[in-house]
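Heads up: the structure comes next, in structure tokens.
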Amino acid sequence: MEYIAELGGIVTGFHVTEHCIDCMCGKDLVKLDKYSGEILSQKPVFEKEGFSRKLTADNEQLFIYDFCTLYVLSQKNYELIGKWQLGKDLSSDICGIAVDSSTIYCSIRNGRIITLDRQSYLAKEFLVSESSMWSLKTYDTHLVCGTVDGKVLLLDKPALSIEKELILGRKNIGSLYLDGKTLYAASHDGKLFKINMKRFEVESFIKNVHKKMFDCAGLYEDMLVTVSYPCSEIAFWDKDTLEKIKVIQIPLKLSGHTYIENDSMYLSSRNIPGIGKIKWKL
């Protein structure tokens, strides 16, 4: 593994663009040149350091949640567009986030979703599930959510009502990855599911993917890539059959973030002082 940049601290989330990488490190947002690793800009945004905050982005804005607080910032210069306190304590913190061109969707502990209109920033609240939702994805006119009690929900976006649900088990569906009409879902009981979104049914699944919790990181060629930070493993699976192809051991710790581009993976973890990069030759 090579290092794109050694920042002297843990990167808790990042977003890769054509030329830059925007990352959270300590109290700061840092913009890196994607190829040289040079720091192009750096700005303090957060009052204190923290490991729980998460980042997602589109071509113009960064969306960050930290406990009960949602931040929206300009991707270009990190100007703060807005900051909202959506909850008060551990019973109302933000668990997941998804965005589309018109709306920000924040899942709140114990089954609620708060939406913010991206023009007016008017907030609306919906009671969706009896269980918290830690993984959200947008899918056409729907949201797809993984719940702590082992379900995948298909929600109508305007009403945020449940159209369909799949019961995959009893453990948290902690990571989702969409590839066209196929959804891959990672369960905390070590199972990996392949779901046909058109029929909204499980096509296949495998057990014992990793010994501890893992994420669906994305696709490399015709393979699905999973990452288990607690196990220090990156695994490759045939995306159609879910047959195991290869496992790579690499030192990682507890949690992290990944992004796959061509034959490379950018990654951060609790033991990496910045952002690393792996080039694959399988």
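Quick caveat: nothing in here was measured; it's all calculated off a predicted structure.
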Indicate yes or no for a side-chain donor-acceptor contact from [X] to the backbone of [Y] under 3.5 Å, with no hydrogens or angles considered.
| X | Y | answer |
| --- | --- | --- |
| Ser131 | Thr147 | no |
| Tyr65 | Cys95 | yes |
| Asp140 | His142 | no |
| Asn271 | Pro251 | yes |

Partners of [X] by ring pair (Phe, Tyr, Trp, His ring centres under 6.0 Å), sequence neighbours excluded?
| X | answer |
| --- | --- |
| His188 | none |
| Tyr78 | none |
| Phe63 | none |

Query raised in the report: Between Asp100, Thr103, Asp58, which is the residue that forms a side-chain hydrogen bond (donor to acceptor under 3.5 Å, both in side chains) with Arg118?
Result: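 So, applying the side-chain hydrogen bond (donor to acceptor under 3.5 Å, both in side chains) to Arg118 and each of Asp100, Thr103, Asp58, only Asp58 qualifies.
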**Report entry** Residue that, paired with Glu233, satisfies side-chain hydrogen bond (donor to acceptor under 3.5 Å, both in side chains) out of Lys212, Lys211, His210
**Finding:**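 Testing Glu233 for a side-chain hydrogen bond (donor to acceptor under 3.5 Å, both in side chains) against Lys212, Lys211, His210 leaves exactly one candidate, His210.
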So do the side chains of [X] and [Y] get within less than 4.5 Å of each other, counting heavy atoms only?
| X | Y | result |
| --- | --- | --- |
| Phe200 | Leu166 | yes |
| Leu7 | Ile39 | yes |
| Met265 | Val227 | yes |
| Arg270 | Phe51 | yes |
| Ser268 | Thr12 | no |
| Val11 | Met24 | no |
| Ile272 | Ile10 | no |
| Thr138 | Leu143 | yes |

Query raised in the report: Does the side chain of Trp134 pick up a donor-acceptor pair with the side chain of Ser107 at under 3.5 Å?
Result: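 Side chains of Trp134 and Ser107: no pair found under 3.5 Å.
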Report task. Walk me through it: do Glu165 and Lys151 pass the test salt bridge (Lys or Arg N to Asp or Glu O under 4.0 Å)? Result -> CA-CA 7 Å; Glu165 69 174 36; Lys151 298 176 183 177; 3.7 Å; yes
**Report entry** Set of residues satisfying side chain to side chain contact (heavy atoms under 4.5 Å, CB included) with respect to Ile278, sequence neighbours excluded
**Finding:**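 Listed in chain order: Met1, Ile234, Ile250, Leu267, Trp280.
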Query raised in the report: Mind checking whether Trp84 and Tyr121 have ring centres under 6.0 Å apart?
Result: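 For Trp84 and Tyr121, the ring centres are under 6.0 Å apart.
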Query raised in the report: What about Phe214 and Tyr229, are their ring centers closer than 6.0 Å?
Result: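 No.
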Query raised in the report: For Ser92 and Cys68, which heavy atoms make the closest approach, and how far apart are they?
Result: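 Minimum heavy-atom contact is O-SG, 3.9 Å.
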Is the shortest side-chain N to carboxylate O distance from [X] to [Y] below 4.0 Å?
| X | Y | value |
| --- | --- | --- |
| Lys194 | Glu203 | yes |
| Asp179 | Lys239 | yes |
| Arg109 | Asp89 | no |
| Lys277 | Glu2 | no |

Query raised in the report: Going by side-chain heavy atoms closer than 4.5 Å, which hydrophobic residues are tied to Phe67, directly or by a chain of links?
Result: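 Direct or chained contacts put Phe67 with Leu90.
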Requested in this report: For salt bridge (Lys or Arg N to Asp or Glu O under 4.0 Å), just list the numbers for Glu261 and Lys34, CA-CA rounded to whole Å, side-chain angles, deciding distance to a tenth of an Å, and then say yes or no.
Outcome: CA-CA 12 Å; Glu261 183 179 66; Lys34 181 177 171 181; 2.7 Å; yes
Query - Name of the residue among Leu62, Asp28, Leu73, Ile64 meeting side-chain contact (heavy atoms from CB on, under 4.5 Å) with Val45 - result: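 The passing option is Leu73.
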**Report entry** Any residue meeting salt bridge (charged side-chain N to carboxylate O under 4.0 Å, His left out) with Asp22, in chain and number order, not counting sequence neighbours
**Finding:**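 Once residues adjacent in sequence are excluded, the partners of Asp22 under the salt bridge (charged side-chain N to carboxylate O under 4.0 Å, His left out) criterion are Lys31.
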Query raised in the report: Think Arg53 forms a cation-pi with Phe46, using NZ or CZ under 6.0 Å from the six-ring centre and within 45 degrees of its axis?
Result: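 The answer is yes; both the distance and angle limits are met.
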Query raised in the report: What's the spacing between Ser129 OG and Arg112 CZ if we round to 0.5 Å?
Result: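 Taking OG in Ser129 and CZ in Arg112, the distance rounds to 12.0 Å.
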